[in-house]
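Worksheet: the structure to be examined is printed underneath.
Given the structure is predicted, the values throughout are model-derived calculations rather than measurements. Hydrogens, waters and symmetry mates play no part in the numbers below; they use all other heavy atoms, side chains included.
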Amino acid sequence: DGLPNVIETEHKRKDNTTFPVEVISKFTTIDNIEYLISYTKDITERIKKDNDIKFYFSLINSSKDMIFLANHKTEYIEFANETACDKLGFSLDELKNMKVSDFRAPLESLDNIEISEVFKTIRKNKDMITFGVYTAKDGTKVPVETSLHLNKHYNENFITAISRDISERLEIENKKDELSKKLKNYNETLEYEINRAKDELLEYEKIIQKQSKMAAMGEMLENISHQWRQPLSAISVLSTGLILQDEQNKLTKEFLSEGLNDINKQVQYLSTTIDDFRNFFKPNKAKNRFTTKGIVNILLSLTQAKFNNEDISIITQIQDIELFSYENELLQVLLNLVANAKDAFHFKKYDKFIFIKTYTKEGYLVFEFKDNAGGIKEDVIDRIFEPYFTTKHSYSGTGIGLYMSEKIIVDQIKGTILAENTQYEYNNSMHKGAIFKVSIPI
């Protein structure tokens with residue numbers, strides 16, 4: 001039919017190794033003689049990028065959280081990961097024929113927001129967290145905490161929803177309250193009962209430590225979705241432009257080369273983001289060498305997009321020092337500190353800043369995090385590192401973040417972590433906020 005034939009195959013080198021190629025073939029007639037002309041292109045890098053993208057989507061499907069994509073206008077489900085299908089008992093095709101309201105109801109005693117109100121609020125705020133109850137196909141009720149974000153794609157609004165099953169959290173909260181009541185009523189002479197209660201609390205702490213890691217993964221998935229949004233939009237625009245140019249016979253070699261180079265740059269960025277995400281969750285309990293600048297760059301890579309989305313400026317002043325310590329554990333603490341600072345800005349409308357500074361003092365390296373979110377209430381600042389203490393709603397957090405951060409820094413890294421309120425001048429204005437200092441041995 002005169003159209004070129006495109007196939008993907010493999011070519012063999014002189015040393016018998018093979019590499020993937022794309023072959024474009026077309027018959028053409030020259031001087032009444034028909035020739036077959038073929039162009040061959042090495043697609044090793046493209047296949048590698050495709051595999052990287054497949055790896056990212058496999059992470060979405062392997063997530064322990066339920067992930068949905070819903071059309072904001074119709075409220076119908078467009079996509080759900082394997083965890084969502086498994087927990088609710090519906091196939092993906094079944095969910096695509098359902099509205100969110102078909103299986104979601106408010107969670108009584110919490111925000112109690114109907115789904116219609118959620119869709120109105122998300123259009124205004126772009127991001128929100130809500131609580132609800134999902135009803136599975138077999139009638140089972142699943143209480144969830146859901147992080148929502150509004151995206152626009154091809155002039156349509158879509159909602160990305162990451163839902164976490166909080167059944168264990170609610171059960172732990174109930175058991176924690178029961179244990180607290182028991183401990184208040186026990187007499188000092190009831191040593192056996194007190195020791196048993198302490199053992200139960202230690203067991204619950206192990207459960208919460210596990211939950212803390214899963215919560216970190218959920219937060220990372222949300223961060224990655226923010227990181228990917230802009231480059232994916234850029235790739236979509238570039239590829240659409242190339243197609244339109246080609247359809248109008250205006251596609252020049254220079255425009256094609258420039259467009260493909262720009263797409264490749266965006267794909268390289270996506271690949272780098274995947275590597276940062278994958279490295280963060282590698283099980284590594286041994287010390288390793290790293291630099292302060294390197295770990296801060298990873299910290300910014302994993303959080304910058306989300307902070308930009310919430311108009312929070314991050315200002316760094318880094319003294320680059322090489323360390324020999326537990327890099328992943330330290331990174332987990334630093335991520336928790338910037339996340340706490342971000343949460344403190346909730347509903348704040350002024351210019352928001354987070355300052356990250358490193359310096360050496362008396363044989364220690366100090367990571368200093370300072371914000372202008374108003375500071376910590378003086379009547380609770382001495383308790384923020386206690387287990388289960390939280391200034392958030394009891395179902396919005398477990399109070400484990402700062403407690404676990406102190407455990408990591410003090411018990412494992414052999415350093416210190418302190419918090420205080422501060423006032424300072426920046427850009428000719430006075431600011432008030434909290435300052436956290438993490439000191440670790442050099």
Side-chain angles (χ1 to χ4, degrees), residues 4-13 15-25 38-63 65 67 69 78-83 92 149 151-154 158 160 162 217 219-247 251-282 294 297-306 308-309:
N5 181 54
V6 181
I7 63 170
E8 291 185 5
T9 183
E10 290 188 343
H11 277 185
K12 184 182 290 186
R13 299 187 181 89
D15 61 1
N16 286 327
T17 61
T18 60
F19 61 99
V21 294
E22 179 184 77
V23 181
I24 304 175
S25 303
S38 297
Y39 301 89
T40 303
K41 179 182 178 182
D42 185 343
I43 57 173
T44 303
E45 285 300 315
R46 192 185 78 191
I47 288 180
K48 180 179 181 298
K49 301 301 183 300
D50 288 344
N51 289 336
D52 285 342
I53 292 174
K54 288 177 183 177
F55 171 75
Y56 171 69
F57 282 104
S58 73
L59 285 175
I60 291 178
N61 276 324
S62 64
S63 169
D65 293 332
I67 301 176
L69 183 69
E78 298 280 347
F79 168 80
N81 69 345
E82 292 177 3
T83 301
L92 181 56
H149 181 79
N151 313 266
K152 178 166 280 190
H153 186 64
Y154 287 115
F158 294 89
T160 303
I162 301 177
M217 179 171 281
E219 181 73 15
M220 282 303 99
L221 280 173
E222 189 176 352
N223 287 339
I224 291 298
S225 72
H226 281 273
Q227 297 289 83
W228 274 55
R229 192 167 295 115
Q230 183 176 347
L232 285 177
S233 297
I235 290 172
S236 176
V237 170
L238 289 167
S239 60
T240 302
L242 292 175
I243 292 171
L244 290 174
Q245 290 281 329
D246 186 47
E247 290 175 348
L251 183 61
T252 64
K253 183 178 179 181
E254 290 76 16
F255 189 87
L256 175 62
S257 177
E258 182 179 350
L260 291 176
N261 283 334
D262 287 341
I263 289 174
N264 184 58
K265 288 178 183 176
Q266 298 296 336
V267 173
Q268 291 282 3
Y269 175 78
L270 298 179
S271 180
T272 301
T273 306
I274 287 176
D275 289 338
D276 288 342
F277 178 76
R278 183 163 42 193
N279 290 335
F280 175 71
F281 286 103
K282 281 183 178 178
N297 284 341
I298 295 173
L299 174 68
L300 297 178
S301 171
L302 294 173
T303 58
Q304 188 76 59
K306 191 169 184 181
N308 289 343
N309 190 63

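We find the CD-CG distance between E82 and L92 to be 9.5 Å, quoted to the nearest 0.5 Å.
Partners of D15 by side-chain hydrogen bond (donor to acceptor under 3.5 Å, both in side chains), not counting sequence neighbours, listed by chain and number: T17. Residues passing the side-chain contact (heavy atoms from CB on, under 4.5 Å) test with E247, sequence neighbours excluded: I243, L244. Not counting sequence neighbours, the partners of K48 by the salt bridge (charged side-chain N to carboxylate O under 4.0 Å, His left out) test are D52. Annotation: side-chain contact (heavy atoms from CB on, under 4.5 Å) contacts of T18 (sequence neighbours excluded): E10, K12. The salt bridge (charged side-chain N to carboxylate O under 4.0 Å, His left out) check on E78 picks up nothing, with sequence neighbours excluded.
Nearest heavy atoms, T240 versus S236: OG1-O, 2.7 Å. Looking at every heavy atom in both residues, L256 comes nearest to L242 through CA-CD2, 4.0 Å.
Residues T160 and N151 bring a donor and an acceptor atom of their side chains to less than 3.5 Å of each other.
Between the side chain of S257 and the backbone N or O of E254 there is no donor-acceptor pair closer than 3.5 Å.
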Walk me through it: do V23 and T9 pass the test side chain to side chain contact (heavy atoms under 4.5 Å, CB included)? CA-CA 7 Å; V23 181; T9 183; 4.0 Å; yes
Taking only distance into account, with no hydrogens and no angle test, what donor-acceptor pairs under 3.5 Å do side-chain atoms of residues 38-47 form with protein atoms, sequence neighbours excluded?
{"unit_1": "S38", "atom_1": "OG", "unit_2": "S25", "atom_2": "OG", "d": "2.7"}
{"unit_1": "D42", "atom_1": "OD1", "unit_2": "T44", "atom_2": "N", "d": "2.9"}
{"unit_1": "D42", "atom_1": "OD1", "unit_2": "T44", "atom_2": "OG1", "d": "2.6"}
{"unit_1": "E45", "atom_1": "OE1", "unit_2": "K49", "atom_2": "NZ", "d": "2.8"}
{"unit_1": "R46", "atom_1": "NH1", "unit_2": "E22", "atom_2": "OE2", "d": "3.2"}
{"unit_1": "R46", "atom_1": "NH2", "unit_2": "E8", "atom_2": "OE2", "d": "2.2"}

